[in-house]
Amino acid sequence: MPEPNISEIKDTKKSKGESVTSVPLLDLKRQYASIKKEIDEAIAKVVTHAQFILGPEVKIFEESVASYCKTKFAIGVASGTDALLISLRACGVGPGDEVIIPTFSFFATAGVVHNLGAKPVFVDINPESYNLNPDLIQERITKKTKVIMPVHLFGQTCDMDRILDLAKKYNLKVVEDAAQALGAEYRNKKAGSLGDLGCFSFFPSKNLGGMGDGGMVVTSNPELAEKIKLLRTHGAKQKYYHDIVGYNSRLDTLQAAVLNVKLKCLDTWSKKRQENALVYNKNLNGLEITLPKAESFNYHIYNQYTIAVKTRDELKDFLKQKGIGCEIYYPVPLHLQKCFEYLGYKNGSCPVAEKRALEVISVPVFPELTEKEQNFVISAIKQFYQH
Ligand SMILES: *Cc1c(COP(=O)(O)O)cnc(C)c1O
């Protein structure tokens with residue numbers, strides 16, 4: 001399968017003398033244009049063979065992701081959220097148990113813990129990487145703790161050696177929320193392959209996005225793999241014979257067909273994201289901005305390019321006014337969400353995340369972003385600081 005030539009996209013898209021008047025945060029239409037033929041053919045093939053549930057494309061995609069992550073197994077499920085939920089179930093998490101998670105993440109990380117009747121235990125983050133601070137984990141471990149669930153936020157992995165050491169010491173399982181980090185690496189190992197189980201999301205806006213919902217669990221543990229397979233089809237190994245109560249959570253064949261095409265482009269796309277991040281780092285240096293920092297042990301794939309600034313809301317309004325797509329990931333840390341009031345956290349419980357939630361803003365870093373567009377974003381940010 002030919003990889004899309006992104007430099008070609010850069011030259012032909014919008015930049016032919018046209019001046020930039022707006023920049024999207026992400027443009028999936030451009031991505032589709034670059035691989036239209038392959039995608040259309042892959043979809044047509046599924047429509048023709050009509051094996052919509054766990055068809056051959058799902059198996060191929062599972063094998064490709066397992067091989068990409070260097071794990072023994074990969075199991076497609078209906079979403080990243082389900083990947084987390086089913087992984088926790090497979091680890092035996094249920095009512096009364098505790099799961100340690102970072103307070104700065106997408107809601108699903110905490111939602112799945114609650115939905116299993118277990119208690120999310122929120123831990124503060126490192127201010128530079130936005131990831132779970134390993135120094136703060138040990139004090140939150142109790143007799144009820146079953147799992148540590150680190151989140152590799154924005155596309156770089158957590159300090160996994162420290163987390164894995166703690167898990168070993170206290171006999172806990174590690175479930176990686178790698179929904180934003182497919183292709184990221186920690187000491188040359190792929191995100192998702194470090195803990196007991198790794199979870200991915202193929203939500204359209206993720207760095208490997210489908211054309212709808214989708215998710216995946218990877219593991220090298222055969223018993224856990226077996227359990228996850230069981231859980232995704234109502235707990236039945238043999239149709240209509242149910243050993244446990246599971247879910248209906250499978251990756252659609254159509255999504256797998258699309259993702260098979262896109263997976264071949266992922267490394268090229270990640271490199272473009274990194275290049276774009278470097279250009280921002282170079283040009284925004286010296287302003288009153290905290291730039292994203294890739295830790296030395298990490299291969300950061302920049303699912304998001306997130307900066308922290310004191311006058312965030314003003315910058316956001318300014319960029320929006322200029323037609324620049326930007327987003328706040330995330331405005332409220334999980335421990336301060338209304339639905340978790342019952343857990344008793346307060347303002348001040350996780351001060352780093354609380355501060356960052358008021359400062360962060362993510363700007364366009366997608367692979368097809370043109371040079372002109374990126375310059376437009378950089379100029380706008382510089383202009384903001386000249387006021
Ligand atoms: C996107 C995301 C999820 C959930 O994935 P879905 O496929 O949308 O269910 C979970 N955790 C994190 C950190 C995410 O970014």
Side-chain angles (χ1 to χ4, degrees), residues 25-26 28 61 65 74-89 99-116 120 122-123 125-126 129-132 147-158 160 163 174-184 191-192 194-195 197-218 228 231-232 247-252 254-256 258-259 262 273 292 300-306 327-335 337 353 356-357 360 362 365-366:
L25 182 60
L26 176 69
L28 291 174
F61 185 56
V65 172
I75 304 110
V77 294
S79 68
T81 304
D82 275 7
L84 297 173
L85 182 84
I86 290 174
S87 291
L88 291 181
R89 261 291 296 276
V99 178
I100 291 178
I101 58 174
T103 188
F104 200 59
S105 180
F106 177 60
F107 180 76
T109 311
V112 294
V113 178
H114 171 97
N115 281 340
L116 286 170
F122 298 111
V123 169
I125 54 162
N126 177 314
S129 67
Y130 304 97
N131 278 333
L132 193 55
V147 172
I148 305 175
M149 191 153 72
V151 179
H152 306 314
L153 206 66
F154 303 146
Q156 80 168 321
T157 54
C158 299
M160 287 304 290
I163 292 168
V174 174
V175 174
E176 297 172 68
D177 182 344
Q180 299 185 11
L182 182 59
L194 299 145
L197 294 157
C199 301
F200 298 113
S201 163
F202 307 118
F203 186 82
S205 67
K206 298 288 153 82
N207 64 322
L208 182 68
M211 294 183 168
D213 279 307
M216 178 86 62
V217 181
V218 293
I228 283 161
L231 285 165
R232 81 169 165 182
Y247 307 89
N248 171 12
S249 183
R250 293 162 298 225
L251 178 65
D252 285 341
L254 272 169
Q255 296 307 332
V258 167
L259 291 164
K262 290 196 184 188
R273 286 174 179 275
H300 194 327
I301 52 99
Y302 294 95
N303 197 310
Q304 299 298 343
Y305 186 87
T306 303
E327 193 57 80
I328 312 300
Y329 304 115
Y330 297 94
V332 182
L334 297 170
H335 70 281
Q337 293 287 350
R356 284 304 193 218
V360 287
S362 301
V365 74
F366 62 99

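All ligand and atom numbering here is 1-based and tracks the order in the structure. Residue numbers start at 1 and run along the sequence shown.
Formation of a donor-acceptor pair under 3.5 Å by the Thr103 side chain with backbone atoms of His335 is found in this model. Side chain of Asp177 to backbone of Cys199: no donor-acceptor contact under 3.5 angstrom is found. Panel note: side chain Gln255, backbone Met211; a donor-acceptor pair is recorded below 3.5 Å. Under a 3.5 Å cut-off, the side chain of Ser249 and the backbone N or O of Arg232 do not form any donor-acceptor pair. Put simply, the side chain of Arg273 gets close to the backbone of Tyr302: a donor and an acceptor are under 3.5 Å apart.
Applying the side-chain contact (heavy atoms from CB on, under 4.5 Å) criterion to Thr306, with sequence neighbours excluded, gives Phe154, Gln304, Val360, Ser362.
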Give every pair formed by an N or O atom of ligand 1 and a protein N or O atom closer than 3.5 Å, one pair per line with both atom names and the distance to 0.1 Å, or write none.
| unit_1 | atom_1 | unit_2 | atom_2 | d |
| --- | --- | --- | --- | --- |
| ligand 1 | 5 (O) | Ser201 | OG | 3.2 |
| ligand 1 | 7 (O) | Gly80 | N | 2.8 |
| ligand 1 | 7 (O) | Ser201 | OG | 2.6 |
| ligand 1 | 9 (O) | Gly80 | N | 3.4 |
| ligand 1 | 9 (O) | Thr81 | N | 2.8 |
| ligand 1 | 9 (O) | Thr81 | OG1 | 2.5 |
| ligand 1 | 11 (N) | Asp177 | OD1 | 3.2 |
| ligand 1 | 11 (N) | Asp177 | OD2 | 2.8 |
| ligand 1 | 15 (O) | Gln180 | NE2 | 2.8 |
| ligand 1 | 15 (O) | Lys206 | NZ | 3.1 |

